[in-house]
Amino acid sequence: MTKEIRERMKQQLEDDTYLTQIAKKPFEAADKNKNGSIDIKELKACMIEIAKGMGTEIPKNKIVAEEFYSLDKDKNQNIDFNEFKIFVKNSMLKIIDSVPDSE
């Protein structure tokens, strides 16, 4: 991936409309009980699916808990859609940064 493409992708993630669009389906899929928020078990299932899809290590409970509590800004033991968008953005940034540079 060229630096220009990497920067363009990162810039897109700063656009809240774009971020909302790309986070909507994953949020709905992760919200298994359809209550409009994601609990820690639902986040774990989501993170496992992402890891499997990327062929990476399944996250340990400690990692899931750290991610969950860092996202749960209002400390209500649930992640709402706006908090989930932060997860999507951070995950996408990690993926973008993991792709090797090309010419």
Quiz item: To the nearest 0.5 Å, how far apart are CG in Asp80 and CG in Leu71?
Solution: 10.0 Å
Self-check item: Minimum heavy-atom distance between Met54 and Ile95, given as atom pair plus value
Solution: CE-CG1, 3.6 Å
Practice problem: Specify the closest pair of heavy atoms between Arg6 and Val99, including all atoms of both residues, with the distance to one decimal. | Solution: NH2-O, 2.8 Å
Practice problem: Hey, could you give me the CG/OG distance between Leu93 and Ser98, rounded to the nearest 0.5 Å? | Solution: 11.0 Å
Quiz item: Between Glu28 and Lys34, is there a side-chain N and carboxylate O pair less than 4.0 Å apart?
Solution: no
Quiz item: How far apart are the closest heavy atoms of Asn76 and Asn78, and which atoms are they?
Solution: OD1-O, 2.8 Å
Practice problem: To the nearest 0.5 angstrom, please state how far the SG atom of Cys46 sits from the CD1 atom of Ile79. | Solution: 9.0 Å
Quiz item: Can you find a heavy atom in the side chain of Lys89 that is under 4.5 Å from one in the side chain of Glu14?
Solution: yes
Practice problem: Could you tell me the separation between the CG atom of Asp15 and the CD atom of Gln21, rounded to the nearest 0.5 Å? | Solution: 8.0 Å
Quiz item: Does Glu42 use its side chain to pair, donor to acceptor, with the backbone of Asp39 at less than 3.5 Å?
Solution: yes
Quiz item: Name the one of Leu43, Val64, Ile50 that satisfies side chain to side chain contact (heavy atoms under 4.5 Å, CB included) with Pro59?
Solution: Val64
Quiz item: What heavy-atom pair brings Glu83 and Lys73 nearest, and what distance separates the two atoms?
Solution: OE2-N, 2.9 Å
Exercise. Count the heavy atoms of every other residue, nucleotide or ligand shown that sit under 6.0 Å from NZ of Lys10, and state whether that count exceeds 12.
Key: yes
Practice problem: Could you pull out all residues at least two apart from Phe84 that satisfy ring-ring contact (aromatic ring centres under 6.0 Å, His included)? | Solution: Phe27, Phe87
Quiz item: Mind checking whether Leu13 and Ile22 have side chains closer than 4.5 Å, heavy atoms only?
Solution: yes
Quiz item: With a 4.5 Å limit on heavy-atom distance, are the side chains of Val88 and Lys85 in contact?
Solution: no
Quiz item: What is the minimum heavy-atom distance between Ile38 and Ala30, and which atoms define it?
Solution: CD1-CB, 3.6 Å
Quiz item: Under 4.5 Å between any side-chain heavy atoms of Ile40 and Tyr69, yes or no?
Solution: yes
Quiz item: Quick one: NZ on Lys44 to CD1 on Ile63, what's the gap to the nearest 0.5 Å?
Solution: 12.0 Å
Quiz prompt | Test item: Lys52 and Ile48 side chains (from C-beta on) under 4.5 Å apart, heavy atoms | solution = yes
Practice problem: Report the residues that fulfil side chain to side chain donor-acceptor pair (under 3.5 Å) with Arg8, sequence neighbours left out, ordered by chain and then residue number. | Solution: none
Quiz item: From Ile5 CD1 over to Met9 CE, what is the distance, rounded to the nearest 0.5 angstrom?
Solution: 8.5 Å
Quiz item: Okay, side chain of Asp16, backbone of Thr20: is any donor-acceptor separation there less than 3.5 Å?
Solution: no
Quiz item: Under 4.5 Å between any side-chain heavy atoms of Glu66 and Lys62, yes or no?
Solution: yes
